[in-house]
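The sequence lines fix the lettering, A, B, ..., with proteins before strands; numbering per chain opens at 1. A quick note: this is a predicted structure, and the numbers were derived from the prediction, not measured.
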Amino acid sequence: MAIERRFAPNLLRTPRPYVALLLMTRQIGYATAGLLRAIAQGYRYGLDIMEVTGLPSGTVYPTLTRLESRGFVAGQWESQAIADREKRPRRRYYKLTAAGRAALAESTRLYGAFAEETALRLKPFEGEA
Amino acid sequence: MTLPSFSTSLIVAACRGLVRLVSFAVTSDRRAEWRAEWEGELFELWHRADRTPGRYPHPRLQFVHFSFGAVAHALAELRQEWKLELLAYELRHTVRFLVRNRVFSLTAALLIALGVGANTTVFTLVNAVMLRAPRGIEAPDRIAQIGRGGTDARDFDSWSYPLFADFRARNTVFSDLAAYETRDVTLGRDDDVEPATAQLVSANYFRVLGARLARGRGFLDEEEREGAPAVVVISDLTWRTRLGTDPSVIGKTLAIRGREFQIVGVAAPDFTGADVGSGRPDIWVPLGATAIVSPGGMEHLNSRFVSWLWIAGRLKPGVDARAAQAAMRPLFRQMQLAAGGEVRDDLLVVPGLGLRPAERAIANVVSAALLAIVGAVLLVACANLAALLLARGAARESEIGVRLALGASRRRVVRQLIMETALIAVVGSIAAFAFTRWTARFVEWLMPYPIAVSIQPDVRVLAFAIVVGLCTSAVFGLLPAMRTARVDLLSLMRASGGAVGATIDRGRVRSALLVGQIALSFVLLGATGLLMRTVRHASSADPGFRTDVLVGDVDLRTGLTSSQGALVERLEQVAARAASVPGVTGVALASDVPATGTMSNRTMWRADGDAGNPRMPTVSVLVVDTGYFHVMDVRIVRGRQFDAMRDPAGPMTSIVVNEAMAQRLWPGEDPIGKELALGSISGERRVPVVGVARNTRNRSLRAEPGPQAYFLLSQNPTGRALLHVRVGAKQQPGSALATSLRPLMVGSPAPRFVSVRERLSRGLADIRLIGILGATFGALALALAAAGIYGVVSYETSRRGREYGLRLALGASPGEINRMVLRQTARLGSLGIVIGILGMAGVAPLLDRWVFGVSRFDPVTFVSVAAVLCLTTALAALGPAMRASRSDPMASLRAE
């Protein structure tokens with residue numbers, strides 16, 4: 001596993017014309033920008049991110065996987081002790097990496113205030129509000 | 001871990017099931033985590049669902065909707081794995097690997113090319129004959145043929161000219177109709193005469209078909225009438241071969257049956273005529289010239305009773321063949337009613353210009369047999385390829401092991417291996433396609449009769465080649481790839497260096513592949529052997545007449561002579577001249593060689609016809625001269641044979657029938673002196689029976705003799721006959737015969753003499769075609785199998801080299817090692833042969849259509865095929881066995 005996951009970003013940096021072409025079609029979209037922003041603001045696992053962005057599960061989880069494989073976010077399982085104490089299964093928490101923070105900045109530059117408004121429709125929900 | 005109860009409601013179970021199901025799309029190394037994450041999220045959502053009302057009419061629906069996300073997620077994971085840039089990288093890697101291992105890649109590509117090539121070759125022919133419309137025709141899918149059905153579903157009969165004219169004038173569904181029929185003619189005059197194929201066509205033929213002319217024009221409407229100026233359109237081939245690619249050919253003349261025709265056009269090179277089933281026409285002449293092209297024939301433009309023309313038409317827009325048939329039937333009924341005859345509602349409209357139903361039925365069976373043969377070749381090639389890939393995989397175990405150890409998933413390793421195979425397959429398939437042009441021509445050359453289609457491979461053939469190549473590589477590459485990727489890392493690491501190959505036992509699979517190849521080769525060669533034996537048997541079997549008589553076609557018909565009687569006199573002069581050649585002991589003339597499928601049929605019945613004796617529609621008619629029965633050794637069992645004195649030239653006064661016919665019409669009576677009624681254009685004619693001849697095979701060599709009647713040549717005059725020449729033992733008068741006949745045959749093609757036996761075996765064309773191609777491809781399969789055996793055995797022995805060395809060191813003699821290897825191979829070989837015999841038992845019933853006179857389990861065939869396979873196996877294993885016996889005991893001891 002390790003070799004492939006680490007290998008992919010290397011490939012993306014290869015200065016080959018066709019890779020550049022592929023990169024152009026893989027720019028950061030609204031949903032991704034929203035996800036990055038949500039994680040940056042401390043919504044750390046799938047269900048939370050979903051609720052706070054209002055995006056469907058079919059968007060959030062694949063995007064998380066993609067961001068993780070590109071090294072923009074890093075996922076980590078919480079410790080079993082905490083899960084046992086709260087009487088639920090373990091959660092997988094995500095946090096931004098340095099590359100992720102750069103990408104977030106880039107997305108803010110791309111979408112500007114628009115991203116503030118739409119991509120992150122923050123909606124305080126009970127329990128945390 | 002204890003968790004609060006995760007409600008066991010149906011919805012939860014279904015959603016968790018869905019997650020588990022789609023998780024199989026995720027790579028195995030990530031699957032557990034992936035599943036855990038989704039299960040956890042489902043759990044939390046379930047306990048939270050009550051608290052977020054709003055968007056969903058029922059909170060449980062949110063849960064269901066959420067779980068659908070797992071599907072999208074799993075698909076995204078799949079996509080991740082098949083990312084384009086990764087694939088591009090792997091492709092580069094694969095190409096590099098294949099180029100580095102040139103011998104392996106080329107061998108594998110060659111195997112695929114051979115297997116696929118055999119298939120594309122046959123498919124090219126099948127495609128040309130059965131699937132593709134004749135070439136050079138505009139919008140061929142808008143053309144339909146009109147025919148007449150009979151009692152047999154495969155009947156598709158022709159029409160008379162007046163009916164064609166009526167159809168053309170009165171139908172509402174075809175924009176126009178064309179008529180055509182193919183006839184043999186002679187081209188040229190004096191000493192330069194050659195046989196050719198002419199198509200008699202309606203004047204609108206080229207217009208209706210949309211056939212392009214390379215030069216000149218098509219026919220004018222007035223040229224369709226009798227007595228019109230004689231004009232001809234020649235084919236591109238005729239223009240090139242006979243007229244030397246003359247650019248100013250239009251307006252010149254060409255002699256057809258001795259009459260000058262003016263050349264008005266040259267057809268486009270790709271146009272081979274409308275009739276796939278008959279020969280490729282060399283020339284086209286308008287129907288007005290029928291009497292010249294087919295002198296003495298019954299085909300008269302104004303006769304309603306002689307059906308001889310095929311009709312094809314261009315459908316009007318929006319009309320299909322079914323609608324056309326529905327519209328044509330009432331019209332045909334009206335026409336029949338108006339003519340006052342029998343009304344039969346049997347008009348058929350068949351879409352396309354391809355083979356007619358009866359021809360198609362034969363072609364279907366032959367193509368199926370050919371495709372089965374090349375399919376077997378492909379299987380042998382693929383088994384070979386699979387063995388090669390397995391051996392290759394064993395050699396690559398350490399490489400694969402390193403990749404797995406570094407974290408590559410097995411799935412990726414398998415994908416990489418399959419990509420290699422697929423790449424090889426595509427290269428091999430394209431190579432096969434590139435050579436198809438020549439291989440198809442080779443097969444066409446092998447064929448015992450010509451076909452009227454262009455066998456140029458097209459896009460459909462290319463697609464076929466690539467699909468076959470990819471499918472076989474997928475099927476036969478997957479197993480070796482999966483086995484290769486099943487490397488046991490632990491044992492790989494423990495065993496250092498050279499012993500790596502021993503980690504997985506692939507020997508059994510390779511042996512199975514070897515056995516399969518031998519078995520398939522056995523079936524292929526066995527079936528071919530049976531067909532060949534049938535042809536041999538048929539041509540040596542006794543048909544009831546002499547088979548050592550020489551036969552040559554004498555065609556004196558020209559468009560000039562009017563009297564058929566004069567032609568018969570000339571035929572008799574030719575026969576008399578032949579009789580005077582030294583070595584010739586007997587001469588006769590006859591219209592056909594029986595049992596070759598060329599005899600014509602007539603309807604006959606008892607003249608005193610009582611109701612209990614129905615008409616006999618299929619009496620084979622052989623027109624013979626007075627010497628025939630003697631020369632051919634056909635005994636007259638009752639009455640007399642024809643006699644020049646008692647049966648003078650003129651109207652028919654006598655007829656000889658065979659025993660089968662006498663038995664059918666006059667069971668238990670003496671037929672001599674009884675009268676037979678013959679149907680003819682002018683009504684009924686009564687002829688007395690003067691003799692009964694012994695039965696001979698007449699319909700075919702396979703069928704029991706059917707009713708047959710002999711007519712006398714001088715009472716049924718014609719300008720064409722087969723000259724039968726009986727020669728004394730050990731005489732070869734062929735060339736003397738030709739030179740002495742030459743002066744009498746000016747203006748006609750020179751006859752070529754072959755034996756009756758040869759003619760008979762030509763009648764078995766379909767068996768011979770399958771037999772010849774089966775033998776060719778069987779030899780290919782055998783060569784492939786031999787190469788496969790050599791490969792597997794030599795690989796096996798090289799792997800066990802150390803063991804042989806030890807055995808030698810422990811006192812075994814080289815001969816013993818040699819024998820050991822051979823014994824092991826022989827065991828596999830005999831297993832293959834046994835399975836092959838079982839396979840033959842399964843295949844033999846399918847051969848019943850063609851195999852006759854030979855047992856399905858003909859011991860000669862079986863034993864000789866088994867012997868050939870044993871010999872091949874032994875020869876292929878000999879080299880590796882010798883190498884094994886020369887293993888170095890010292891090297892083995894040092895290694896231990």
Review point. Which atom names give the shortest non-hydrogen contact between Leu45(B) and Leu47(A), and what distance separates them?
Key: N-CD2, 3.5 Å
Check your understanding: Going by heavy atoms in the side chains, are Thr65(A) and Arg30(B) under 4.5 Å from each other?
Key -> yes
Check your understanding: Going from CD on Glu44(B) to CD on Glu86(A), what distance comes out if it is rounded to the nearest 0.5 angstrom?
Key -> 8.5 Å
Point to revise | Heavy-atom contact with chain A under 4.5 Å, split by part of Ala36(B) | key: both
Study note, to complete from the structure: For Glu420(B), the salt bridge (charged side-chain N to carboxylate O under 4.0 Å, His left out) test, sequence neighbours excluded, returns Arg396(B)
Revision key, fill the gap. On a heavy-atom basis, the closest approach of Phe43(B) and Arg88(A) is CE2-CB, 3.5 Å
**Study point:** For Ile418(B), all residues meeting side chain to side chain contact (heavy atoms under 4.5 Å, CB included), sequence neighbours excluded
**Key:** Val414(B), Leu478(B), Ala481(B)
Review point. Can you tell me how far the OG atom of Ser57(A) sits from the CZ atom of Phe63(B), to the nearest 0.5 Å?
Key: 11.0 Å
**Study point:** Trp38(B) portion near chain A, given a 4.5 angstrom heavy-atom threshold
**Key:** side chain
Practice item. Answer yes or no: does atom CD of Glu33(B) have more than 12 heavy-atom neighbours from other residues, nucleotides or ligands under 6.0 Å? Key: yes
Check your understanding: Tyr61(A) and side chain to side chain donor-acceptor pair (under 3.5 Å): which partner among Glu41(B), Glu37(B), Glu77(B)?
Key -> Glu41(B)
Review point. How close do Ala76(B) and Pro62(A) get, heavy atom to heavy atom, and via which atoms?
Key: CB-CB, 3.5 Å
